[in-house]
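A short worksheet on the structure shown next.
Just so it is clear: chains get the letters A, B, ... in the order the sequence lines come, proteins before strands, and each one is counted from 1.
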2 protein chains.
Amino acid sequence: MTTKPSPIPSVWARPQRESDQPALSRAAIVREAIVMLDAEGVEALSMRKLATRLNAGAASLYRHVATKDELMELAVDEVAAEIHVPPADGPEWRAAVTEAARSFRTTALRHPWLPPVLGQAGLAYLGPNLMSYSERLAALFTAAGFPDPGTAIDAVLSYVIGMSTTEAAWLTTVSRSGDSESGLIARLLPAVQQATAPHSHLSQGYAETEEAATTDPAALRDAKFEAALDIVLDGLSLRLDTPGS
Amino acid sequence: MTTKPSPIPSVWARPQRESDQPALSRAAIVREAIVMLDAEGVEALSMRKLATRLNAGAASLYRHVATKDELMELAVDEVAAEIHVPPADGPEWRAAVTEAARSFRTTALRHPWLPPVLGQAGLAYLGPNLMSYSERLAALFTAAGFPDPGTAIDAVLSYVIGMSTTEAAWLTTVSRSGDSESGLIARLLPAVQQATAPHSHLSQGYAETEEAATTDPAALRDAKFEAALDIVLDGLSLRLDTPGS
DNA sequence: TCCGGTGTGCGTACAGTGTTCGCAACGAGG
DNA sequence: CCTCGTTGCGAACACTGTACGCACACCGGA
């Protein structure tokens, strides 16, 4: 109100191109969007808040990005660049695939908004970084000698996506709760016990949950990821030793 | 305007409890929400539209449901009741698990909004139907004699979730495109070819895509699901034959 | 030196969202 | 008959994503 009281064009110091920030570019927008997503989650990202953070007006963003969905696709692909896949070198395929799977997971957990967005997006899959990720995975499996690399990719990638989705959802609720992971587990324990009470196998299984409150939950999640991944990789190795069909 | 021009309380036929619909209940709300979600997807569901469909005002819904997120959790759990798991009967575990996996997938594809919501939801997992699903899965794996049923569940469930998420995202884009599945594939082919051009392994792999335009895409998806599932199940069977550790 | 044209920033407005408040009408119990 | 707790809801609030159109900065040519 006090800063711009009159529309008098008798302006003294004109805008003079406030060169604090290096202007406004698609790259800068995407970068800052990712920062916001990481910090506060999907529902905290609004075009207006993002613009304010960039010292810009909301409408300005639309000069560089067609729509919020497109911005999301760009963010997804940008983040996909962080996933590391070892080069294809034949016999060491198991270690390499394990590394690729771990890298996907850590990226997904570093950006917990990623899995659900991936699950909605649709055509973000055509982004260059996601493309080159798939490409490198395919190269790895063909170099290893798999007769049907496509199915191999489906198996391990689906597993990794599913596991990461579940974990990311959990991490999101953790950070929304404002509590630590073990703290939330402890607070949740009564509810879980009550819910699992009528289910004999579950109450037995969720005895682990009690452990999780004492030991480090993150380490336990790591172990679970590795264990189930090993199952999938075992299944894969069968396809390699007996190249039937 | 013409229906309620004056606030005169000289009302003749009072509301008289319009008994077309059986009033308004949490169950009815959730049911109708699922109908809307199935028909038009997540972003088409708003409290106001939902209320209108139930011949009610928007605010009325909040008498039966605390928040939209809670409504979503209820919808997720309601839909989870459709997933079928065969009873645990020992040696036939492979067929039974396959059936459970297929049932999860068909449910997810019947309600394509489910996977992304599952990935955001957080504590929907404590709903009674999801609980009993997990319970029946656990029963199945323990009856089969797996030394570590938890990891077995992780492996197959993560795979199924990941695959269903990807497929559901694809089906969502298909239905948003207003085209048929093979029609959309055909229209998308140029873009895909361009995107995969610099990636040798991918352009080879996506040669299948050309097939998909001619043959039935749904059948092809079914086959892919089964093939990768078999890999996971092979890995599982190893854990059973050699009960190491 | 001026002069258009092009691209960028953005104030404003619109239609829609989830949710809250407070009031009206009802059915049941005393 | 009169209360009381419950249910429905009109209106309002604080937001959201996005379209429109104007103002201004820059730049190549005259």
Side-chain angles (χ1 to χ4, degrees), chain A residues 1 3-29 32-33 36-37 40-75 117 120, chain B residues 1 3-29 32-33 36-37 40-75 117 120:
Chain A
M1 301 294 185
T3 62
K4 302 172 183 175
S6 55
I8 302 175
S10 77
V11 214
W12 278 91
R14 298 277 188 76
Q16 203 209 348
R17 185 50 118 184
E18 297 203 17
S19 53
D20 316 349
Q21 295 299 86
L24 202 53
S25 73
R26 172 180 286 200
I29 293 175
E32 193 65 24
M36 287 188 69
L37 286 168
E40 319 190 52
V42 227
E43 71 281 1
L45 175 67
S46 83
M47 297 303 265
R48 275 180 252 258
K49 284 184 204 156
L50 177 57
T52 312
R53 240 170 219 254
L54 291 161
N55 296 83
S60 309
L61 303 182
Y62 287 88
R63 292 285 175 192
H64 306 174
V65 152
T67 176
K68 194 191 179 183
D69 288 339
E70 184 184 299
L71 171 60
M72 283 304 212
E73 291 193 23
L74 291 172
V117 170
Q120 281 167 317
Chain B
M1 300 295 183
T3 62
K4 300 171 183 175
S6 56
I8 303 175
S10 76
V11 214
W12 277 94
R14 298 276 191 75
Q16 204 208 347
R17 185 52 115 183
E18 296 201 18
S19 52
D20 317 348
Q21 296 298 88
L24 201 54
S25 72
R26 170 179 287 199
I29 293 175
E32 193 66 25
M36 287 187 69
L37 287 168
E40 318 189 53
V42 228
E43 72 280 1
L45 175 67
S46 83
M47 297 304 263
R48 275 180 252 258
K49 284 184 204 154
L50 176 57
T52 313
R53 240 172 219 252
L54 292 161
N55 294 85
S60 310
L61 302 181
Y62 288 88
R63 293 282 175 193
H64 304 93
V65 151
T67 177
K68 194 191 179 185
D69 288 340
E70 184 184 299
L71 170 61
M72 283 304 211
E73 290 194 23
L74 291 171
V117 171
Q120 281 167 317

In whole angstroms, the gap separating P of dT17(C) from OH of Y62(B) amounts to 11 Å
- Hey, is the side chain of R48(B) pairing donor to acceptor with the base of dG16(C) inside 3.5 Å? no
In whole angstroms, the gap separating C1' of dG7(C) from CG of L24(A) amounts to 13 Å
Exercise for review: Mark yes or no for whether R48(A), through its side chain, and A58(A), through its backbone, hold a donor-acceptor pair below 3.5 Å.
Suggested key: no
(request) May I ask you to verify if any side-chain N or O of S46(A) is less than 4.0 angstrom from the OP1 or OP2 atom of dC15(D)? (result) no
Here the distance between atom P of dG18(C) and atom CG of L61(B), to the nearest Å, is 10 Å
For this session: Flag the pair V42(A) / M72(A) as yes when at least one side-chain heavy-atom distance between them is below 4.5 Å, and no otherwise.
Result: yes
E70(A) backbone acceptor or donor facing T67(A) side chain under 3.5 Å:
no
Check whether any side-chain heavy atom of L71(A) sits under 4.5 Å from a side-chain heavy atom of L50(A), and report yes or no. yes
Rounded to whole Å, the CE-P distance (M47(B) to dG16(C)) equals 18 Å
Rounded to whole Å, the CE-P distance (M72(B) to dT19(C)) equals 11 Å
N55(A) atom CG is separated from dG9(C) atom C1', nearest whole Å, by 13 Å
Atom CG of L50(A) and atom P of dC15(D) are separated, to the nearest Å, by 17 Å
Assign each of R63(A) and R63(B) the nucleotide of DNA chain D bearing its closest heavy atom; nearer the 5' end lies the nucleotide of R63(B)
ask   = When all nucleic acid strands are considered with a 4.0 Å heavy-atom cut-off, which category describes A56(B): base, sugar-phosphate, or nothing?
value = sugar-phosphate
> Phosphate oxygens OP1/OP2 of dT16(D): is one of them under 4.0 Å from a side-chain N or O of K49(A)?
Replying inline: yes
key: OP1 or OP2 of dC9(D) under 4.0 Å from side-chain N/O of S60(B)   = yes
Among dT19(C), dT20(C), dC20(D), the one nearest any side-chain atom of A59(B) is dT20(C)
_Ion pair check, K68(A) and E43(B), cut-off under 4.0 Å_ = no
So what does L45(B) hit on the nucleic acid, given a heavy-atom distance under 4.0 Å: a base, only sugar-phosphate, or nothing?
sugar-phosphate
request  = Report yes if a side-chain nitrogen or oxygen of H64(B) is closer than 4.0 Å to either non-bridging phosphate oxygen (OP1 or OP2) of dG8(D); otherwise report no.
outcome  = yes
Testing dG9(C), dT18(D), dA19(D) for proximity to the side chain of T67(A), the answer is dT18(D)
In whole angstroms, the gap separating P of dA19(D) from NZ of K68(A) amounts to 15 Å
